[in-house]
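Keep in mind that the numbers below use all heavy atoms, side chains included, and drop hydrogens, waters and symmetry copies.
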There are 2 protein chains.
Amino acid sequence: MAFIKVPEGVPGIRSLVMFRPETGQYLYELAQILLRGESPISEADRELIAAYVSSRNNCMFCMNSHAAAARCLFGDRKTLVDEVLVDMDHSSVSEKMKALLHIAGKVQILGKEVKEDDIKRARDLGANNREIHDTVLIAATFSMFNRYVDGLGSWTPTDPAAYEEMGKRMAQKGYVLPQAIK
Amino acid sequence: MAFIKVPEGVPGIRSLVMFRPETGQYLYELAQILLRGESPISEADRELIAAYVSSRNNCMFCMNSHAAAARCLFGDRKTLVDEVLVDMDHSSVSEKMKALLHIAGKVQILGKEVKEDDIKRARDLGANNREIHDTVLIAATFSMFNRYVDGLGSWTPTDPAAYEEMGKRMAQKGYVLPQAIK
């Protein structure tokens, strides 16, 4: 049971947004522009960064839901998601994507952990300003979402089918606050 | 120098928002509703939570600017800010505020660090659902801002006068994106 009085049977961040839609609307809008807005990083790769950071933060709700969204978006290449979550360095994502995920992993620890060398490695593999920016902001944003979801003890479903359903919705419809919550 | 090409001479998050206003506008709007919107926690105490979390995340830009804003808002009681930043447990803030700052400190580490006992202690001292919610979300949000600002190596002024000026603006005008950036 969550630490504060939220609607029963509503999982994760959705229950918190229903408790306080005034802040929730900006959280959803930020997720939408960041994960579905224009970016040189594909939507699938952005969801992968979100799932990777959530996994490192041990946030099961965000990890499972964004991994499910990434699997939908990768389609035939969906096994990449579990490869990265199990062992990113030996996964079959591109070297550039590994360098970006490495930066995301540093951001997950702390902003100051990102060093010139981490950025240089990504640039040498072809990453541009926007890719570096978006990687850092996605990693920072999920360091927030993970703490919000777990810090208030919100409900984390354990049924994999629930996440598959969520992933489909997130991949198809993005992060749009249900009208009923606004 | 920042890790990406941002306007020179613009400090901290402002330079990053100028690089990417499409995400920046939601970051500012979130800060505004969270730190200046309606809440049972005073604006001064909310800025104190932000400065406390930023201090624990070793983010000098956010710590100095939000500490300066908190000092403005506390007025005659401004020494509270440095008391909390030096040794929160022995500061002269109320016992309820100590319990909320303790929760914020747990969120700074990781969401899962917040335990039933931390919440019970705050409730026993009079904290309600909204106070607990707002504390967790402010701590989570600054865990994001701190990582964004430092993870991209944005410029951190060292002159205390610069922060005093920023703090005044933040206390008086809040977090409104300059028209020129939008």
Side-chain angles (χ1 to χ4, degrees), chain A residues 3-6 16 19-20 22-34 37-38 57-60 103-104 106-116 118-120 122-123 128-137 139-154, chain B residues 3-6 16 19-20 22-34 37-38 57-60 103-104 106-116 118-120 122-123 128-137 139-154:
Chain A
F3 295 147
I4 57 170
K5 203 172 161 50
V6 298
L16 307 179
F19 176 84
R20 181 81 176 133
E22 292 82 354
T23 41
Q25 65 170 313
Y26 298 118
L27 299 177
Y28 267 66
E29 281 171 321
L30 180 61
Q32 177 68 14
I33 188 89
L34 207 49
E38 178 276 322
N57 276 329
N58 200 19
C59 181
M60 293 302 112
I103 290 172
K106 290 285 196 90
V107 171
Q108 179 265 329
I109 302 170
L110 206 61
K112 284 210 165 37
E113 289 293 316
V114 182
K115 309 289 185 196
E116 295 268 7
D118 303 316
I119 304 294
K120 185 178 182 306
R123 286 204 190 278
N128 62 27
N129 281 318
R130 262 302 297 283
E131 286 167 316
I132 292 166
H133 171 273
D134 288 11
T135 297
V136 170
L137 186 51
T141 298
F142 278 82
S143 296
M144 167 181 68
F145 286 143
N146 299 163
R147 281 169 169 78
Y148 188 37
V149 161
D150 285 338
L152 286 168
S154 70
Chain B
F3 295 147
I4 57 172
K5 203 174 160 45
V6 297
L16 307 178
F19 176 85
R20 181 79 177 134
E22 293 81 353
T23 41
Q25 65 171 312
Y26 297 118
L27 299 178
Y28 267 66
E29 281 171 320
L30 180 61
Q32 177 67 14
I33 187 89
L34 206 49
E38 179 274 323
N57 277 330
N58 200 18
C59 181
M60 292 302 110
I103 290 172
K106 290 285 196 91
V107 171
Q108 180 267 328
I109 303 171
L110 206 62
K112 283 208 165 38
E113 289 293 316
V114 182
K115 309 289 185 195
E116 294 268 7
D118 302 315
I119 303 293
K120 186 178 180 308
R123 284 202 191 279
N128 63 25
N129 281 316
R130 263 301 298 284
E131 286 166 316
I132 293 167
H133 171 273
D134 288 10
T135 297
V136 170
L137 186 51
T141 299
F142 279 82
S143 296
M144 167 180 68
F145 286 142
N146 299 162
R147 282 169 170 79
Y148 188 38
V149 161
D150 284 338
L152 287 167
S154 70

Checklist outcome for this item: Looking only at A:Glu38, A:Arg130, A:Glu22, most heavy-atom pairs under 4.5 Å shared with chain B are made by A:Arg130
Checklist entry - Does the side chain of B:Phe19 come within less than 4.5 Å of A:Asn129's, by heavy atoms? => result yes
Item to check | From B:Glu29 atom CD to A:Gln25 atom CD, the distance as rounded to the nearest 0.5 Å | outcome: 8.0 Å
Item to check | Interface moiety of A:Ile119 toward chain B, non-hydrogen atoms closer than 4.5 Å | outcome: side chain
Item to check | Residue list, side-chain contact (heavy atoms from CB on, under 4.5 Å) with A:Ala104, at least two apart or on another chain | outcome: A:Ile49, A:Val53, A:Thr135, A:Ala139
Checklist entry - If you count heavy-atom pairs under 4.5 Å with chain A, which of B:Gly151, B:Cys59, B:Ser143, B:Gly153 comes out on top? => result B:Gly151
Checklist outcome for this item: If one checks every heavy atom of A:Ile109 against chain B at 4.5 Å, the contacting part turns out to be backbone
Next on the checklist: When you compare the side chain of B:Leu152 with that of A:Ile132, does any pair of heavy atoms fall below 4.5 Å?
Outcome noted: yes
Checklist entry - How would you list, by chain and number, every residue that makes a side-chain contact (heavy atoms from CB on, under 4.5 Å) with B:Glu131, sequence neighbours excluded? => result B:Pro40, B:Ile41, B:Lys96, B:Leu100, B:Ala127, B:Asn128
Next on the checklist: Return the OH to CD1 distance between B:Tyr26 and A:Ile33, rounded to the nearest 0.5 Å.
Outcome noted: 6.0 Å
Checklist entry - Which bit of A:Lys115 comes within less than 4.5 Å of chain B, counting heavy atoms only: side chain, backbone, both or neither? => result backbone
Checklist outcome for this item: Most contact-rich option vs chain B, by heavy-atom pairs under 4.5 angstrom, among A:Leu137, A:Val107, A:Thr23, is A:Leu137
Checklist outcome for this item: Assert top hit (heavy-atom pairs under 4.5 Å, partner chain B, pool A:Lys112, A:Lys5, A:Arg20) equals A:Arg20
Item to check | Proximal component of B:Arg123, with respect to chain A [non-hydrogen, under 4.5 Å] | outcome: side chain
Checklist entry - Looking at A:Leu27, A:Asn146, A:Val149, A:Asp134, which one has more heavy-atom pairs under 4.5 Å with chain B than the rest? => result A:Leu27
Next on the checklist: Would you call the rings of A:His133 and B:Tyr148 parallel, tilted or perpendicular, taking 30° and 60° as the class edges?
Outcome noted: perpendicular
Checklist entry - Is any side-chain heavy atom of A:Asn57 less than 4.5 Å from a side-chain heavy atom of B:Leu110? => result yes
Next on the checklist: Is it the case that the side chain of B:Arg147 and the backbone of A:Gln108 share a donor-acceptor pair, with hydrogens and angles ignored and the cut-off at 3.5 Å?
Outcome noted: yes
